[in-house]
Amino acid sequence: MQTSQERTERPVIYQLLPRLYTNYCENPVANGPIYRNGSGKLNDITPAVLDHIKSLGTTHVWYTGVIEHAHDADYTRFGIARNNPHVIKGKAGSPYAITDYYDIDPDLAEDVPARMREFEKLVERTHRAGMKVIIDFVPNHVAREYHSDAAPAGVRDLGADDNTDMFFCPSNNFYYIPRQKFAPQGVNLGEGDDAYIEFPARATGNDCFSAFPTVNDWYETVKLNYGVDPGNGTRHFDPIPDTWHKMLDILMFWASKNIDGLRCDMVHMVPVEFWHWAIEKVKAKYPQLIFIAEIYDVALYRPYIFYGGFDYLYDKVTLYDTLRGIQCGNLSAAQLTSCWQTVEGISGHMLNFLENHDEQRYASVQYAGAADTVLPSLVVSSTINTGAMMIYMGQEIGEPGADAEGFSGHDGRTTIFDYWSLDTLRRDLDHGACSGDKLTHAEKQLRQEYATVLKIINGDAAASHGAFFDLMYVNYHNPQFNPHRRYAYMRATADETLLIVVNFGGSDAEDNAVIIPQHAFDCLGTPQRTYMATDLVSGVRRKINLVADSPICVPLKAHGASVLRFSHRGTGK
């Protein structure tokens, strides 16, 4: 059992890439340049579009890829250096190969010289729509051609003062391979005036401390040096490394833009000591700012929360991976019990998701193969704890990730490397009309299903901040309950109880029944009596006798879910 926490609004995050989200090009071509395929603009995220996003129950919008990063488009007429195409992935480049930490990506601007002001206006519009703003902070690596032309006066570029004769120096911003030219394997660096030349070579972003990264490495990025010597693992944090100061300045710069949160990329590749030092300083001035960690090492969850200072952590390697395994038929639903046990005591700091820009689309053939089986996974992700919940643009209308956009190919993901436009989003947004008229009946139904579930998160007290009780241990041998394809648990406050039951199976379970032990009533304080319960998913009300050890019939459709609400106020009869 997990105890309830002090009630705060749970973040419901909508992640979108502006470059793709409002791009209305109807016939993009693979590997197309920006002048052919176009790019979404910040200005196209209008009040109507924001209201459309908010109608899902969204509290935060994560604008992914707004900071200037490597891309093929030419903006030299605006004083922005052009990137060498040989160290860019795709035409549009990775949003995580930052070329200027202090600037907005010009691809996203209608008026390039006013690009920062266009971003600031978007922040204002988002706030007026009743939502908060999250952007990326990419601390571990930069583009190979990093150079800031927008930094405040007096800010020195990363690497400007490095001793390039040393592999490691605590005061350097990068790691160097002395006397060796950068020579990635399987990557064409060009010839003549077009060639990309780097000498001495610098370490690559995925901790490849060699001049010879492969095409599968993050060869377009350079690893930042936070004072850790990769040769012997020694840590040199006194005096504070120069990289720490430079990155703190960047954090403070964006915090001053009235944003509400930072999603921090690959935080476990940056020493936790830096986060402890930097987050404390940022929050001393901007206490409302939340820090979200992309992290994939469960052993580091608690240190990065309690010492590092993060508010929320990706729960990818426990909940996401388990739900995917269940949906794809490899894992028993009973494995979900180990998910909450793994994060017991920190569950309110977890960020749950079924999709993001790194993962394959739920509806893709590589994952579930259809969008209409999502309800059990969506309900569990949204209600199993009191942390944050995130969905990815187009997920709510079943975007299948079936395009081969160029660099990405047919991989079940939506590209982050190409100029592209998604048919589902074009029809959903309809050039800002957001009427839904161009969606199919199934897409409209799916969007409503998402809105119904996501609104439970902050619309119901028990889902928002109630205590948790897992019912699986008493239902393993229940003949009316299949623990391999179904999962059941409770959430409760002093005023109400939720009984949540989901069916991952492809067959209806009309005779499904759940046993609730006396211990659950004792722990949650739920009165035993007859209730008129409401299913928050279907809206159906029915009378239920809620008493210990007596099977409660909870019929479920194939891939269905039920969230039964029992109010403790009054008699409940």
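Sequential numbering from 1 along the given sequence is applied to the chain's residues.
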Kindly indicate, with the supporting measurements, whether the criterion side chain to side chain contact (heavy atoms under 4.5 Å, CB included) is fulfilled by I292 and L351. CA-CA 8 Å; I292 299 170; L351 183 149; 3.8 Å; yes
Going through the distances and angles, do K91 and D107 end up as a salt bridge (Lys or Arg N to Asp or Glu O under 4.0 Å)? CA-CA 12 Å; K91 292 291 185 182; D107 283 349; over 6 Å; no
Compare all side-chain heavy atoms of P287 with those of L289 and state whether any distance is below 4.5 angstrom. no
Option from Y102, Y63, W254 for which ring pair (Phe, Tyr, Trp, His ring centres under 6.0 Å) with F119 holds: W254
Taking the six-membered ring for Trp and the single ring otherwise, decide whether the centroids of Y146 and Y101 are under 6.0 Å apart. yes
Do the side chains of D418 and K89 get close enough for a salt bridge, i.e. N-O under 4.0 angstrom? no
Is the side chain of N225 donor-acceptor paired with the backbone N or O of G227 at a distance under 3.5 Å, no angle test? yes
Are D111 and R115 ion-paired here, with the side-chain N under 4.0 Å from a carboxylate O? no
Residue pair D162 / N173: nearest heavy atoms and the distance that separates them: OD1-N, 2.8 Å
Please confirm whether the ring centroid of Y176 lies under 6.0 Å from the ring centroid of F167. no
For the pair R144 and E220, evaluate salt bridge (Lys or Arg N to Asp or Glu O under 4.0 Å) and give the outcome as yes or no after the intermediate values. CA-CA 6 Å; R144 298 213 85 93; E220 84 278 26; over 6 Å; no
Tell me the side-chain hydrogen bond (donor to acceptor under 3.5 Å, both in side chains) pairs involving residues 11-20, sequence neighbours left out? Y14-E396, Q15-T64, Q15-H357, R19-H69
Walk me through whether T322 and Y320 qualify under side chain to side chain contact (heavy atoms under 4.5 Å, CB included). CA-CA 5 Å; T322 301; Y320 170 87; over 6 Å; no
Salt bridge check, R263 against E294: does any charged N sit closer than 4.0 Å to a carboxylate O? yes
May I ask you to check whether W244 and F237 place their ring centres under 6.0 Å from each other? yes
Is the distance between the ring centroids of F353 and Y314 under 6.0 Å? yes
When you check the side-chain N and O atoms of S347 and N385, is any donor under 3.5 Å from an acceptor? no
CG/N140 to SG/C264 distance, rounded to the nearest 0.5 angstrom? 12.0 Å
Measuring only between side-chain heavy atoms, which start at C-beta, is N172 closer than 4.5 Å to D161? no
To check you understand the geometry: which heavy-atom pair defines the closest contact between G65 and D105, and what is its length? O-CB, 4.3 Å
CA sep, side-chain torsions, deciding dist, call: L189, F182, side chain to side chain contact (heavy atoms under 4.5 Å, CB included): CA-CA 9 Å; L189 293 184; F182 179 61; 4.1 Å; yes
With sequence neighbours left out, what residues match N232 under side chain to side chain donor-acceptor pair (under 3.5 Å)? T234
Could you verify whether a donor N or O on one side chain and an acceptor N or O on the other, from Q185 and Y219, lie under 3.5 Å apart? no
For K132, does the NZ atom sit with more than 12 other heavy atoms under 6.0 Å from it, leaving out its own atoms? no
Are R491 and F468 in a cation-pi setup, meaning NZ or CZ lies under 6.0 angstrom from the ring centre and within 45 degrees of the ring axis? no
Taking it one step at a time, do Q395 and Y450 satisfy side-chain hydrogen bond (donor to acceptor under 3.5 Å, both in side chains)? CA-CA 9 Å; Q395 176 184 341; Y450 268 86; 3.1 Å; yes
What do the steps show when you test H60 against D260 for side-chain hydrogen bond (donor to acceptor under 3.5 Å, both in side chains), and what is the final call? CA-CA 9 Å; H60 294 65; D260 306 282; over 6 Å; no
Mind checking whether W62 and V133 have side chains closer than 4.5 Å, heavy atoms only? no
Would you mind checking if R117 and E124 are paired as a salt bridge, meaning a charged N to carboxylate O distance below 4.0 Å? yes
How long is the gap from CG on L354 to CD on Q360, to the nearest 0.5 Å? 13.5 Å
Would you mind writing out the side-chain donor-acceptor pairs for residues 77-85 within the sub-3.5 Å range, not counting sequence neighbours?
from	atom 1	to	atom 2	distance (Å)
R77	NH1	D74	O	3.1
R82	NE	D72	O	3.1
R82	NH2	D72	O	2.8
N83	OD1	H71	N	2.9
N84	OD1	H86	N	2.9
N84	OD1	H86	ND1	2.9
N84	ND2	D194	O	3.1
N84	ND2	A195	O	3.4

Less than 4.0 angstrom from a charged side-chain N to a carboxylate O is my criterion; do R361 and E355 meet it? yes
Are Y301 and H349 close enough that their ring centres sit under 6.0 Å apart? no
Honestly, is R324 close enough over Y367, meaning NZ or CZ under 6.0 Å from the six-membered ring centre and within 45° of the axis? yes
Rounded distance (nearest 0.5 Å) linking atom NE2 of H127 with atom CG of N258: 5.0 Å
Verdict with reasoning, N458 to E9, per side-chain hydrogen bond (donor to acceptor under 3.5 Å, both in side chains): CA-CA 6 Å; N458 285 305; E9 181 182 61; 4.8 Å; no
Can you name the nearest heavy-atom pair linking T342 to S338, along with the distance? OG1-O, 2.7 Å
Is there side-chain contact between M350 and L319, with heavy atoms separated by less than 4.5 Å? no
Would L56 and I391 count as a side chain to side chain contact (heavy atoms under 4.5 Å, CB included) if you check the C-alpha gap in whole Å, the side-chain angles of each, and the deciding distance to 0.1 Å? CA-CA 10 Å; L56 290 167; I391 68 167; 4.0 Å; yes
Can you confirm if the aromatic rings of W277 and H245 lie within a centre distance of less than 6.0 Å? yes
Could you give me the CA-CA distance, side-chain angles and deciding distance for Q288 and Y286, then say whether side-chain hydrogen bond (donor to acceptor under 3.5 Å, both in side chains) is met? CA-CA 6 Å; Q288 82 289 351; Y286 302 97; over 6 Å; no
Is the positively charged end of R202 above the ring of Y175, judged by distance under 6.0 angstrom from the centroid and angle within 45° of the axis? no
Do N23 and W420 pair up side chain to side chain, a donor and an acceptor below 3.5 Å, judged on atom types alone? no
Strictly by modelled atom types, are H236 and D229 linked by a side-chain donor-acceptor pair under 3.5 Å? no
Matching residue for L108 among L122, L42, L17 - test: side-chain contact (heavy atoms from CB on, under 4.5 Å): L42
Examine the side chains of D297 and Y304 and answer whether a donor and an acceptor come within less than 3.5 Å of each other. no
Would you mind checking if E359 and R413 are paired as a salt bridge, meaning a charged N to carboxylate O distance below 4.0 Å? no
Roughly how far, to the nearest 0.5 Å, is CD1 of I45 from OG1 of T126? 7.5 Å
Smallest heavy-atom separation, E118 atom then E110 atom, equals OE1-N, 3.0 Å
For K283, I'd like to know if atom NZ has over 12 heavy atoms of other residues, nucleotides or ligands within 6.0 Å. yes
